Amino acid sequence: MKRLFIALLALTALLVLGVATFAMSGLYDVAADVPHTRPVAALLDTLRERSIARRAAGIAVPVDLDDAERVRRGAGNYDAMCVGCHLRPGLDGTELSRGLYPAPPDLAQRAIDSPAAAFRVVKHGIKASGMPAWGHGMGDEYIWDLVAFVQALPAMDAEGYRTIVAASDGHAHGGGEDHDHGDGHGHDHGEHDHGEEGHGEEDAGEHGHGAPATAEGTVHVHADGSRHVHAAPAESAPLRVAREFRAALARGDEATVQTLLAPEVLIFEGGGVERSREEYASHHMRGDMSFLKSAHYTLLRQSGDAADDIAWVAGEAEIEGAGRKGPARMRSTETLVLRRTGDDWRIVHIHWSDRPLTD
């Protein structure tokens, strides 16, 4: 018996040593574009599924997950936080979803098996998979709203998806929202880093000579309260593109927005970066549209210039809209860089920034 115990101990030590030696050798390729071997993949799949199922077994599922209001509330957060990996109706893939391994499930096509398991995964994430633990900044009720939306998602078409996202509260889950996930840019624009379209080099409003722009020209307000309008100069092609881009976002015209953006557009906002038109369309574009649709936008100043096939447009605006803590006012600045290809100008770079205004 003693010899058997010693033999088993020696065998265990050799096994541990062998595993440690293999791990230290670097022979196993952990690159995301090289799939696991079948035994390793099977082991990890089983480990993941059994671990989630065990911990989800005691989770009480709300009885109202089919409630339309829950689904509506979850739509905005899904669009801001999940689309880049888990897609939406009409979106076959993104740079992010194609580059992840294991591949994230396409939730627009695949129904969830267990709401409790989905809640567990959203709240706590999954190690070494790219799935974050959203529970650090997202309360349980908001997570259940998200689960309710994911449960309803496979039955939606592209138009139905756009409609419910537009009707949602946007990216809002009780605090802690981050607007450069690459939110989501799917942002909560009340306090985020990109109140739309502002234009300018100095803070005209604070210096007492802010001049709102109208279709007829710039409104100038004198110290005695009298007003007159300076006629608007002829609009250059880059300024027209900037105006059309802003208007298309405000009316939710995705086709026009994507037409005016170059495929390789680089968008900076609040420390976040989106590196292509596709990435913007799959992350924050709908959040921007949702916010601007109901916001009051006042263009204070706009300027621009062009040299050969490159142009810039800069501006400043004041925006009043619905933030996650109620009505919000902000001063927004915007810089666009455009490039001419043939007779058309396309936006190749955007930098958005804003700050809250207080009375």
Side-chain angles (χ1 to χ4, degrees), residues 45 48-94 96-97 100 102-127 129-174 176-177 181 183-184 186-188 281-287 290 324:
D45 285 347
R48 180 183 67 249
E49 296 302 324
R50 295 308 306 152
S51 174
I52 294 170
R54 181 184 182 93
R55 288 159 179 80
I59 296 175
V61 178
V63 297
D64 62 343
L65 279 191
D66 293 330
D67 181 68
E69 180 63 14
R70 267 202 188 276
V71 176
R72 182 195 68 81
R73 291 196 303 262
N77 285 327
Y78 182 90
D79 194 62
M81 303 165 67
C82 309
V83 165
C85 293
H86 297 290
L87 310 181
R88 55 174 167 77
L91 182 63
D92 294 330
T94 66
L96 184 58
S97 70
L100 285 172
D106 180 354
L107 296 179
Q109 302 290 332
R110 173 179 166 182
I112 59 174
D113 298 323
S114 163
F119 176 89
R120 166 77 194 186
V121 170
V122 173
K123 184 170 183 175
H124 298 286
I126 301 175
K127 291 183 175 75
S129 70
M131 178 63 202
W134 293 120
H136 288 297
M138 194 174 191
D140 286 2
E141 277 303 298
Y142 294 97
I143 295 176
W144 281 121
D145 290 345
L146 190 56
V147 171
F149 178 79
V150 170
Q151 184 173 260
L153 182 58
M156 297 181 191
D157 58 15
E159 182 60 31
Y161 177 88
R162 285 193 292 269
T163 299
I164 196 169
V165 169
S168 74
D169 300 327
H171 183 197
H173 48 76
E177 293 87 347
H181 310 322
D183 248 72
H187 339 290
D188 182 296
S282 66
H283 288 165
H284 297 144
M285 182 175 71
R286 286 187 177 83
S290 178
R324 63 174 178 265

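Just so it is clear, the values below take in all heavy atoms, side chains as well, and ignore hydrogens, waters and symmetry mates. The structure displayed is predicted, hence computed values, not measured ones. Each residue takes its place number in the sequence, starting with 1.
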Open item on the list: Which heavy atom of D66 sits nearest to which heavy atom of Q151, and what is that distance?
Closed with: OD1-NE2, 3.2 Å

Task: I52 and I126, any side-chain heavy atoms less than 4.5 Å apart - done: yes

Task: Test side-chain contact (heavy atoms from CB on, under 4.5 Å) applied to P102 - qualifying residues, sequence neighbours left out - done: none

Open item on the list: Please enumerate all residues that pass salt bridge (Lys or Arg N to Asp or Glu O under 4.0 Å) together with D67, with sequence neighbours excluded.
Closed with: none

For residues 82-92, please give each side-chain donor-acceptor pair under 3.5 Å, one per line with the distance, not counting sequence neighbours.
| unit_1 | atom_1 | unit_2 | atom_2 | d |
| --- | --- | --- | --- | --- |
| H86 | ND1 | P105 | O | 2.9 |

TODO: With sequence neighbours excluded, give me every salt bridge (charged side-chain N to carboxylate O under 4.0 Å, His left out) pair touching residues 50-65.
DONE: D64-R70

Task: Any pair counted as side-chain hydrogen bond (donor to acceptor under 3.5 Å, both in side chains), so long as it reaches residues 113-127, sequence neighbours left out - done: K123-D140

TODO: Kindly give the heavy-atom pair with the smallest separation between I112 and P115, and that separation in Å.
DONE: CD1-CA, 4.2 Å

Task: Residues which pass side-chain contact (heavy atoms from CB on, under 4.5 Å) with P132, listed by chain and number, not counting sequence neighbours - done: W134

- [ ] Report the distance from atom CG of L146 to atom CZ of R73, rounding to the nearest 0.5 Å.
- [x] 12.0 Å

Task: R72: salt bridge (Lys or Arg N to Asp or Glu O under 4.0 Å) partners, not counting sequence neighbours - done: E69, D169

TODO: Starting at CG of L107, measure out to CZ of F149 and round the result to the nearest 0.5 Å.
DONE: 10.0 Å

- [ ] Could you tell me the separation between the CE atom of M81 and the NE2 atom of H171, rounded to the nearest 0.5 Å?
- [x] 5.0 Å

Task: Shortest non-hydrogen contact from A60 toward W144 - done: O-CZ2, 3.5 Å

TODO: For D157, check side-chain hydrogen bond (donor to acceptor under 3.5 Å, both in side chains) against everything at least two apart and list the hits.
DONE: none

Open item on the list: Restricting to non-hydrogen atoms, name the atom on V71 and the atom on A152 that form the minimum distance, rounded to 0.1 Å.
Closed with: CG1-CB, 4.1 Å

Task: S168 side chain to V165 backbone, donor-acceptor under 3.5 Å - done: yes

- [ ] Spell out, as yes or no, whether a donor-acceptor pair under 3.5 Å connects the side chain of S97 to the backbone of T94.
- [x] yes

Open item on the list: Check whether T163 reaches the backbone of E159 with its side chain - one donor and one acceptor, N or O, closer than 3.5 Å.
Closed with: yes

Open item on the list: Quick check: closest heavy atoms across A56 and A116, and the distance to 0.1 Å?
Closed with: O-CB, 3.7 Å

